[in-house]
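Naming: A, B, ... by sequence-line order, numbering from 1 per chain.
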Amino acid sequence: MRTLRLKAPSDYALARDYCSYGYFLLAPNRWIVPTKETPGFVRRHFAIDRVVFEVEVTQPAIGGDIVVRSSRSLSAKSRACVERWLRRMLRLDETAAELAAFHKLDPRWKKSGRGRLMRSPTFFEDIIKTITSCNVTWPGTVQMNLRLCEVIGGGAFPDASSLVKARAQTLRARCRVGYRDLRIVELARMFRSRTIDPEWFEDPSTPDAAIREALLELPGVGPYAAANILQLLGRYSHLPLDTESVRHGTTVLGMTGTSKEIMHKVGAHFAPFGAQAFRSYWFELWEFYEAKHGKSWTWERDSTGKLFTASQLKAAAKRAPAGLASSP
DNA sequence: GGTAGACCTGGACGC
DNA sequence: GCGTCCAGGTCTACC
């Protein structure tokens with residue numbers, strides 16, 4: 001079978017809900033922007049048993065089924081894999097009722113329906129993507145993911161087994177991951193040996209604090225990365241505070257002080273949103289980006305998607321009046 | 001507990 | 001076109 005259909009929540013809108021987090025711009029993900037003739041759709045490669053194939057993901061009508069077309073015929077087992085990956089990536093299991101709870105706490109996003117945050121098909125890919133986003137500007141993250149897919153994954157995102165086998169030197173020289181090489185190999189080894197158990201991290205009954213503590217034990221994962229991985233796991237109480245938080249605090253929220261002080265203030269500013277703090281914070285940032293570059297579903301990976309450099313954002317901030325987003 | 005410096009890459013800038 | 005500076009989060013050593 002080459003086509004499968006996935007049930008989506010009644011309010012699901014592919015363009016809005018997929019183009020909701022920066023990872024949608026990272027390989028092997030590709031968003032094909034809508035034109036007058038065709039609606040936008042997702043294209044990416046997957047690999048099963050080292051066979052790489054391409055899928056195209058569309059949604060003919062808002063709230064309607066997600067339609068997946070594969071470049072190769074899929075067995076029942078492969079179909080189940082692809083369905084599980086896409087349900088995770090698109091957050092298809094997050095219901096309209098769950099989003100309503102978020103909108104009740106922060107009504108600013110009720111009208112647009114914003115709330116779902118795109119993520120990777122697997123926990124492993126989310127962790128590696130987060131590692132590639134640390135201590136590097138956005139175009140560097142874009143490059144690293146592109147090269148990891150091209151050099152190691154044959155077009156798809158490399159799985160733990162491929163990365164365990166990869167030489168650190170190859171990751172550094174050809175994938176340009178720099179000093180992250182050994183950390184990436186070590187993380188892959190931990191996944192393969194089940195030292196990292198994805199089910200435990202994905203289990204809703206595991207407490208946030210236990211997950212955060214376990215994440216901070218991982219190589220290359222500090223407070224920022226841990227908070228980011230927590231949100232990718234659907235746990236929104238922690239903010240991944242970074243230089244972007246400082247820019248947002250100063251230019252949009254009108255805060256003053258040292259970087260450390262502003263990070264603290266930003267954290268305190270969103271604390272009233274409690275378990276939804278990250279989503280309130282994130283959609284403010286996203287609103288700022290969209291004010292500068294247009295709606296996210298019009299962004300091209302190779303043009304707009306590379307504009308998020310520190311200097312570009314600083315320049316954009318100068319053009320933006322403080323108070324773009326309303327306060328909580 | 002807090003802080004300084006190293007880690008590596010690529011963009012920005014000056015010449 | 002080349003050289004230099006700087007941004008970015010984590011980790012380690014040191015006070």
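- Distance from the side chain of N135(A) is smallest for dC7(B) among the nucleotides dC7(B), dG11(B), dT10(C).
- The separation between M263(A) atom CE and dT10(C) atom P is 9 Å, rounded to whole Å.
- Across the protein-nucleic acid pair, I229(A) atom CD1 and dT10(C) atom C1' stand 13 Å apart, rounded to whole Å.
- Of all heavy-atom pairs spanning V136(A) and M144(A), the tightest one is CG2-CE, 3.6 Å.
- At the phosphate of dT3(B), OP1 or OP2 sits under 4.0 Å from a side-chain N or O atom of K260(A).
- Rounded to an integer number of Å, the gap from CD of Q143(A) to P of dG8(C) is 19 Å.
- Qualifying ring pair (Phe, Tyr, Trp, His ring centres under 6.0 Å) partners for F123(A), counting only residues two or more places apart in sequence or in other chains: F191(A), F201(A).
- Close to dG9(C), at under 4.0 Å from its OP1 or OP2, lies a side-chain N or O of T243(A).
- One can place CE of M144(A) at 8 Å from P of dG10(B), the figure rounded to the nearest angstrom.
- Atom CZ of R247(A) is separated from atom P of dG9(C) by 12 Å (rounded to the nearest Å).
- Here the side chain of Y179(A) is nearest to one of dG8(C), dG9(C), dT10(C), namely dG9(C).
- With contacts defined as side-chain heavy-atom distances shorter than 4.5 Å, the pair L99(A)/Y12(A) does not qualify.
- Secondary-structure stems of DNA chain C, taken as three or more successive Watson-Crick or G-U wobble pairs (i with j, i+1 with j-1) under a 3.5 Å distance threshold, comprise B:1-15 with C:1-15.
- To the nearest angstrom, P of dT12(C) lies 12 Å from CG of L182(A).
- Rounded to an integer number of Å, the gap from W138(A) CH2 to dT9(B) P is 19 Å.
- At the heavy-atom level, V177(A) lies nowhere under 4.0 Å from the strands shown.
- A straight line from CD1 of I184(A) to P of dT10(C) spans 14 Å, rounded to a whole angstrom.
- Listed candidates were dG11(B), dG9(C), dG8(C). Nearest to the side chain of D242(A) is dG9(C).
- Of the listed residues (T195(A), I196(A), I131(A)), just one forms a side-chain contact (heavy atoms from CB on, under 4.5 Å) with L218(A), and that residue is I196(A).
- Under the rule for a side chain to side chain contact (heavy atoms under 4.5 Å, CB included), the partners of T256(A) that lie at least two apart in sequence or sit in another chain are K265(A).
- Taking only side-chain nitrogens and oxygens, R176(A) never comes nearer than 4.0 Å to OP1 or OP2 of dC8(B).
- A cation-pi arrangement, defined by a distance under 6.0 Å to the six-membered ring centre and an angle within 45 degrees of its axis, is absent between R30(A) and F24(A).
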* Asked: When you look at R119(A) and D126(A), which way does the salt bridge (charged side-chain N to carboxylate O under 4.0 Å, His left out) test go after all the steps?
  -> CA-CA 7 Å; R119(A) 57 180 170 173; D126(A) 268 342; 5.3 Å; no

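- Nucleic acid contact class of L216(A) (heavy atoms, under 4.0 Å, all strands): none.
- Annotation: cation-pi geometry not satisfied between R114(A) and F283(A) (NZ/CZ under 6.0 angstrom from ring centroid, within 45° of ring axis).
- Nucleic acid contact for G140(A): none, since no nucleic acid atom lies under 4.0 Å from a heavy atom of the residue.
- Look at R183(A) and you won't find any side-chain N or O under 4.0 angstrom from OP1 or OP2 of dT10(C).
- Each of dT9(B), dT10(C), dG11(B) was ranked by its minimum atom distance to the side chain of R172(A); first place goes to dT9(B).
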